[in-house]
Amino acid sequence: MTIIEGDSSIMSSALVHAAPSLARWLTESATTYVAVLSRDGRLATLSTALADRLGVSADEPAIVASLFTNEDAETLDDRIAKRRADGSRGGSEDLLLNFVNAVHSPFTLRCRMDVQPTCTLLFAENADHAEDALRDELLQSNNQLAVLAREGERQRQELAAAHRELARINEALVAALDTLETSFWHIRRDGETLPVCLECGEVESVDGSWQSVQRFLMSNGRSPFLSHGYCPPCAKRAMASADHESTYP
């Protein structure tokens with residue numbers, strides 16, 4: 001196929017006569033987006049492809065500013081006001097505008113506008129497929145990071161709960177160990193047989209040495225259970241001795 005560059009007026013004339021066909025094609029195109037903006041700053045209608053891209057209804061009026069980032073909405077308003085002021089339609093001027101879809105995810109389109117007396121036609125196409133792919137990838141990465149963050153928080157809460165349970169079990173084990181040690185001492189005390197001298201009353205220790213009962217108990221860690229007092233016979237003798245000493249100073 002040979003492409004011949006000719007008089008642009010021929011192309012313009014042919015397109016004017018093809019306006020109905022072009023209008024239908026632009027409305028149904030999946031790659032070229034069209035929107036009609038009213039003079040009062042509202043969206044009158046838009047093509048099916050743009051409606052799908054934005055996630056809005058094609059026939060539902062909306063504030064134009066809600067379709068763009070704040071800065072780009074102001075830029076578009078300024079450009080339209082300028083074209084109306086100087087009477088030009090601005091058909092040859094490219095604009096890179098950042099749209100915002102229904103889930104607040106931005107995307108960039110290359111736009112041209114035709115400012116008419118009663119409305120403004122906005123034609124748009126994808127600015128850069130690679131840029132869109134990168135933006136989609138970044139969006140997916142952000143979503144994955146959000147999922148990982150939620151999972152990390154869930155695991156952190158489970159770990160904190162496990163630590164609390166472990167501390168409770170540890171306290172219970174310490175209390176049980178104290179009880180076992182006390183019980184073991186009583187069992188060991190009741191089960192032991194000590195050799196006692198019938199003459200002096202000393203007891204034989206494990207190493208074979210003989211010592212007083214008091215020293216034996218203290219050396220075996222039982223001193224907290226020792227107390228002092230008198231047996232009945234010794235108490236009588238101590239009282240008698242005390243009375244005798246008080247009678248004869």
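Note: hydrogens, waters and symmetry copies are ignored here, and every other heavy atom, side chains too, is used.
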Q. What are the two closest heavy atoms between Gly55 and Ala102, and how far apart are they?
A. O-CB, 3.5 Å
Q: Report the distance from atom OG1 of Thr69 to atom CG of Leu76, rounding to the nearest 0.5 Å.
A: 10.5 Å
Q.
Please enumerate all residues that pass side chain to side chain contact (heavy atoms under 4.5 Å, CB included) together with Arg39, with sequence neighbours excluded.
A. Arg84
Q. Is a side-chain donor or acceptor of Asp72 paired with a backbone partner of Asn98 at a separation under 3.5 angstrom?
A. yes
Q.
Within the supplied structure, the quantity of interest is the number of heavy atoms (other residues, nucleotides, ligands) at a distance under 6.0 Å from Glu71 CD; does it exceed 12?
A. no
Q.
Can you list everything that forms a side chain to side chain contact (heavy atoms under 4.5 Å, CB included) with Val147? Sequence neighbours excluded, please.
A. Arg150
Q) In this structure, which one of Thr45, Leu121, Thr48 forms a side-chain contact (heavy atoms from CB on, under 4.5 Å) with Val34? A) Leu121
(Q) Between Leu46 and Leu67, does the side chain to side chain contact (heavy atoms under 4.5 Å, CB included) criterion hold? Intermediate values first, please. (A) CA-CA 12 Å; Leu46 68 167; Leu67 303 179; 5.7 Å; no
Q | Residues in ring pair (Phe, Tyr, Trp, His ring centres under 6.0 Å) contact with Phe99, at least two apart in sequence or another chain | A | Phe68, Phe107
(Q) Run the side chain to side chain donor-acceptor pair (under 3.5 Å) test against Glu125 and tell me which residues pass, sequence neighbours left out. (A) none
(Q) A side-chain contact here means heavy atoms from C-beta on lying under 4.5 Å apart; do Arg79 and Val115 qualify? (A) no
Q. Residues two or more places apart in sequence or in another chain: which of them pass side chain to side chain contact (heavy atoms under 4.5 Å, CB included) with Glu151?
A. Arg154, Gln155
Q.
I'd like to know if Glu165 pairs up with Arg168 as an ion pair, taking the criterion as any Lys NZ or Arg NE/NH1/NH2 lying under 4.0 Å from an Asp or Glu carboxylate oxygen.
A. yes
Q) Got a second to check how far Lys82's NZ is from Asp77's CG, nearest 0.5 Å? A) 15.0 Å
Q | Min side-chain heavy-atom separation Leu109-Asn126 under 4.5 Å | A | yes
Q) Got a second to check how far His163's NE2 is from Glu158's CD, nearest 0.5 Å? A) 12.0 Å
Q: Could you pull out all residues at least two apart from Asp94 that satisfy side chain to side chain contact (heavy atoms under 4.5 Å, CB included)?
A: Arg110, Arg112
Q) Measuring from Leu37:CG to Gln116:CD, what's the distance to the nearest 0.5 Å? A) 11.0 Å
Q) Looking at Tyr33 and Arg53, what are the two nearest heavy atoms and their distance? A) OH-NH1, 3.2 Å
Q: May I ask you to test the Leu122-Leu50 pair for a side-chain heavy-atom distance under 4.5 Å?
A: no
Q: Calculate, to the nearest 0.5 Å, the distance between atoms CG and CG belonging to Leu166 and Leu159 respectively.
A: 10.5 Å
